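Heavy-atom basis, side chains included; hydrogens, waters and symmetry copies ignored. What you see is a predicted model; the values in this text were computed from it and never measured.
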Amino acid sequence: MVMVALACSSEEKPAEKPAAAEAEPTEQAVPRNAKRDAYFGDLHVHTSFSIDSYIFGNRLTPRDAYKFARGEAVTLHGGASQKLRAPLDFAAVTDHAEGLEIMALCVDDQANPQYSSAFCEGIRNGDMQIFREAFVRLSQRPVPRFDICNAEDVDCPELAKGPWQEIQKIAQEFNEPGKFTTLIGFEYSPTLVDGGMLHRNVIFRGTAVTPDAMGVWDRYTMKQFWDWLDHACKPPCQALAIPHNSNYSWGFMFSRSNDDGAAFIAEDWERRTRFEPLVEITQHKGASECAFGIGTTDEECGWEKIFPACKPGQVTACMREGGYARDALKLGLVLEGEIGLNPYKLGFIGSTDTHNSIPGATDENTFLGHHANNDDTAEKRLRGGPRPERPNHIMNPGGLAGVWAESNTRGDLWDALYRKETFATSGTRVKVRFFGSFGFAADLAASDASLEQAYAQGVPMGGDLKAASGGGGPRFLIWALKDPEGANLDRVQIVKGWTTADGTQEAIYDVVCADGRKPGGDGTCKLSPATVDAACAPSSGHGAAELSTVWTDPKFDPAQRAFYYLRVFENPTCRWTTWEAIRAGEKPPPGDPRTIQERAWSSPIWYSP
C-alpha cells in the first residue's frame, strides 16, 4: 500500500494565508498532481557570501551550492570532493544578511580605498579574531555596524544590496520548474550573549522580494523583525520566516515576551502567527524537538543534544524551557485558551545549516564537516571545535525538509510550507504521511480505496481537526516509507500534548512497530532486535520497508485542546563519528554513541474544542 497518490480535499486551506498569488509564467506549464508528491530539500544553506563562511575558508558560491544540490560534485576547503548520493528536489541559499556589505566591500570592490584596509585584508585572510569580535558586536543592544561602515567613502546599506541582488540572480539562473526549485531567501541573525541565537531564515514565494536582506543593525528584536517584514514585504511579495536553533536561544525563542523583556501584545502574536508557520527542529548544531528533563521524561528527547541542562542560576549555554518545539506547542495550547489565538501552531522541517555550500550533505557515512577550516580534517572533526565545551564531534550532519506539494515549483512548494504539510528528517529520505478526522469509519482499513475516502474526510499534517456533531474521538491514519538507500524502519510513535486545569501534559505512544511487535499495556513495543556489527554492517531480517496503521486516541477528552505528531524511527546504524573513526583507524571520542537511530517527524495536527 502506497499513500503517495492520495486525494486532497479542495477545502484544505491554511488559516491566515496571505493573498493568493498567480503561478510564475515558467511554472504554469508544469504538470500538477492534486494528490501531491513528497519532495526533499534544504532551506538553510550558507556559502562564501556569508561573512563567517568566508572567514572559515569556504570559497564556494551560491552557484556551487545549487550545482551540488542538483547532484554535481564540488571540492571542499582542504581538497576533499563531495557529492550527494541523490540530488535534492529544492534548495534555498540563506546567506547571513549581516555582513553582505562587508563581503561587497572587502572581497568584491577592489576600487574602494577601504579594500586595502587592515580590516578587509583580515577578512580575505580568514582572521578568526574578526569573527569572534563580530559575534560580540552582534550581541550588543543596539547592534553597532562594523567600524569600517563609518568611513566617509563607505555606504554599508547600499553596499549590501549588491550581494542580495546577486543571490536573487543566481537563484533565477538555477530554478527549473518541475525539475529543481530554488527558493530565494536570506538569514536574519540576531545574536545573544554567549553565542545565543534568535535566528530566522526568510523564504520568499517567488521573485517578488524585499528591497533589502535585513540585518540586525537597526532591528534586532523579534517584534522589530515582524514589523519590518510586515511593512517591507507587500503584495505581490510573500514571505515566511523559519526559526532555527531554538536550542541555542536560552529559552527566549518560544516564550510570552520579546527578547527585550516586553510582553507580546495582540499585534505581535498575530504577526508571528502569520509569518512563522514552521520551525526547523533538527540541523547540524543539534536537535530542537524537546529536551529530556526539561518538561518531559521522554528519553528520546536526549537525542543529539549540544548543551546540558541549566544548573541553578545558569541562564546561557544550557537547556531551558522555551528553547524547544514541544515547549512551543504546549504553550500555544495554553495561549489559545487565554487570548483566543495559538501563535505556536508550528509545522516541522529539518535542514543542515551548512557553511560549506553543500545543501543536503547529511549522510552519516560520508560526512566531511560543514564549517570549512574548522572541520576539514578527520582530526578536527573528531577532536577540534570552536570552543572546548562544544567540540565538533557533538555536532551532526544535519537534517532535511520534506514537503508534500502538487508540483516541484516555487509556488506549490511555498504554499505547502505555509500550510505546514511538511515533515522533518534527521538526514535520511524517509517519507511520512499523517491524517486525522472525526469522520473516519470505525472499520477503516489501511487500503488505497479507504485512504482516498480518509483524505477527503480528514486533514493532513499541519491541519486543524473540527469535532463531528455526533461526538466520538479522532482517528489518525499513519504511514511511513523507508529511504530507498537507508535502513529499514523500526517503529512509529505518536506524541500527544494536551491541556489540563494545571497547564499541559504529554504522552508518547508506539502505534505501529516492525517485526511483529505490538504495543503493550504501557503503550510501547519491545526493543528492536536489530543490531550493527563492528564494521557498521546491520543485522539482516529486521525492520520494515513500510509501516502503516489507523490509531484512535484512547484518552481523548473533547474539552481539552491537544496536538498530535508522528515520530518515525529507523533501525540503528553507525553514527558519523564511528564511520570517521573507522576510516582513521581510531576509536570514536569518549562518550559518543556508537550508533544512531535516524528519525523523521511529521508536522502536528491540532484539536480545539
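The heavy-atom pair separating Phe204 from Val209 by the smallest distance is CG-CG1, 3.6 Å. Residues Ala480 and Val568 approach most closely at CB-CG1, 3.8 Å, considering heavy atoms. Looking at every heavy atom in both residues, Pro62 comes nearest to Thr47 through CD-OG1, 3.3 Å. Considering every non-hydrogen atom in both Trp404 and Ala416, the closest pair reads O-CB, 3.3 Å. Among all heavy-atom pairs drawn from Ala69 and Ala91, the shortest one is CB-CB, 4.1 Å. Considering every non-hydrogen atom in both Thr549 and Val511, the closest pair reads CG2-O, 3.9 Å.
Met319 places a side-chain heavy atom less than 4.5 Å from the side chain of Lys305. His370 has its side chain out of reach of Met395: every pair of non-hydrogen atoms, C-beta onward, lies at least 4.5 Å apart. Taking the side chain as every heavy atom from C-beta outward, Glu187 and His96 approach each other to under 4.5 Å. With contacts defined as side-chain heavy-atom distances shorter than 4.5 Å, the pair Val334/Arg256 qualifies. Within the 4.5 Å cutoff, side-chain heavy atoms of Asn342 are placed close to those of Leu333.
Test Tyr607, Trp498, Tyr564 against Asp553 for side-chain hydrogen bond (donor to acceptor under 3.5 Å, both in side chains) and you get one pass: Tyr564. The salt bridge (charged side-chain N to carboxylate O under 4.0 Å, His left out) with Arg32 is formed by just one residue from the set Asp37, Asp412, Asp415; it is Asp412. The ring pair (Phe, Tyr, Trp, His ring centres under 6.0 Å) test with Trp226 singles out one residue from Phe264, Trp269, Tyr188, and that residue is Phe264. No option in Tyr66, Phe180, Phe68 other than Tyr66 meets the ring pair (Phe, Tyr, Trp, His ring centres under 6.0 Å) test with Phe174.
Judged by distance alone, the side chain of Ser426 and the main-chain N or O of Arg599 form a donor-acceptor pair under 3.5 Å. Judged purely by atom type and a 3.5 angstrom limit, Trp414 uses its side chain to pair as donor or acceptor with the backbone of Ile203. Not a single donor-acceptor pair under 3.5 Å links the side chain of Ser357 to the backbone N or O of Ala65. A donor-acceptor pair under 3.5 Å links the side-chain atoms of Asn247 to the main chain of Lys285, judged by distance alone. Of the possible polar contacts, one joining the Ser255 side chain to the Ser257 backbone as a donor-acceptor pair under 3.5 Å is found. Formation of a donor-acceptor pair under 3.5 Å by the His284 side chain with backbone atoms of Pro397 is not found in this model. With Ser603 contributing its side chain and Lys420 its backbone, the two residues share a donor-acceptor pair below 3.5 Å. Without hydrogens or angle criteria, Ser548 side chain to Trp479 main chain gives no donor-acceptor distance under 3.5 Å. A donor-acceptor pair is defined here as one N or O able to donate and one able to accept, closer than 3.5 Å; such a pair exists between the side chain of Arg320 and the backbone of Trp250.
Between the side chains of Glu280 and Gln283, a donor-acceptor pair is found at a separation under 3.5 Å. Side-chain atoms of Asn58 and His355 form no donor-acceptor pair, as typed in the model, at a separation below 3.5 Å. No donor-acceptor contact under 3.5 angstrom links the side chains of Asn33 and Glu406, judged on distance only. In summary, the side chains of Tyr565 and Arg326 do present a donor paired with an acceptor at a separation below 3.5 Å, with no hydrogens or angles considered. Gln457 and Ser437 form no side-chain donor-acceptor contact under 3.5 Å, judged by distance and modelled atom types alone. For the residue pair His44 / Ser351, no side-chain donor-acceptor distance below 3.5 Å is found, with atom types taken as modelled. Looking only at atom types and distance, the side chain of Glu336 has a donor-acceptor partner in the side chain of Ser608 under 3.5 Å away. Counting only N and O atoms by type, the side chains of Thr221 and Asp259 include no donor and acceptor under 3.5 Å apart. Defined by atom type and a distance below 3.5 Å, a donor-acceptor pair is missing between the side-chain atoms of Thr61 and Ser48. Side-chain polar atoms of Ser189 and Glu98 form a donor-acceptor pair below 3.5 angstrom.
In summary, Glu506 and Lys330 engage in a salt bridge, as defined by a charged side-chain N under 4.0 Å from a carboxylate O. Between Glu276 and Arg271 there is no salt bridge, since none of the side-chain N atoms of the basic residue sits less than 4.0 Å from a carboxylate O of the acidic one. Under the 4.0 Å criterion applied to side-chain N and carboxylate O atoms, Asp363 and Arg429 are not assigned as salt-bridge partners. Classification of Lys431 and Asp483 as a salt-bridged pair fails, no side-chain N sitting under 4.0 Å from a carboxylate O. Between Arg36 and Glu421 a salt bridge is recorded (basic side-chain N to carboxylate O distance below 4.0 Å).
In this structure, the side-chain contact (heavy atoms from CB on, under 4.5 Å) partners of Thr282, at least two apart in sequence or on a different chain, are Ala287, Trp303, Trp601. For the side chain to side chain donor-acceptor pair (under 3.5 Å) test, residues two or more places apart in sequence or in another chain that qualify with Glu173 are Arg63.
Under the 6.0 Å cut-off for aromatic ring centres, Phe90 and Tyr39 do not qualify, their centroids lying 6.0 Å or more apart. Remark: aromatic rings of Phe49 and Phe186 are distant, center separation not under 6.0 Å. Here Phe254 and Tyr344 bring their ring centres to under 6.0 angstrom of each other. Ring-centre distance between Tyr509 and Phe476: not below the 6.0 Å cut-off.
The number of heavy atoms from other shown groups lying within 6.0 Å of CD (Glu321) does not exceed 12.
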Checking side chain to side chain contact (heavy atoms under 4.5 Å, CB included) for the pair His199/Tyr248: CA distance, chi angles, key distance, verdict? CA-CA 10 Å; His199 297 188; Tyr248 272 72; over 6 Å; no
Before giving the answer on side chain to side chain contact (heavy atoms under 4.5 Å, CB included), spell out for Gln493 and Leu566 the whole-Å C-alpha distance, their side-chain angles and the decisive distance to 0.1 Å. CA-CA 6 Å; Gln493 293 180 333; Leu566 297 186; over 6 Å; no
Run Ile349 and Ile281 through side chain to side chain contact (heavy atoms under 4.5 Å, CB included) and show every step you take. CA-CA 6 Å; Ile349 67 162; Ile281 68 167; over 6 Å; no
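The line from CG of Asp268 to OG1 of Thr273 is 10.5 Å long, rounded to the nearest 0.5 Å. Considering CD of Glu304 and CD1 of Ile596, their distance stands at 4.5 Å, rounded to 0.5 Å. Here CD1 of Ile294 is found 13.0 Å from CG of Asp298. Values are rounded to the nearest 0.5 Å. Atoms CG and CE, on Asp353 and Met197 in that order, are 7.5 Å from each other to the nearest 0.5 Å. Atom CD1 of residue Ile167 and atom OG1 of residue Thr182 lie 12.0 Å apart, to the nearest 0.5 angstrom. Distance CG/Leu329 to NZ/Lys496: 14.0 Å, rounded to 0.5 Å.
Phe423 and Phe40 have perpendicular rings, their planes meeting at more than 60° on a 0 to 90° scale where under 30° would count as parallel.
Judged by the 6.0 Å and 45° rule, Arg491 forms a cation-pi pair with Phe569.
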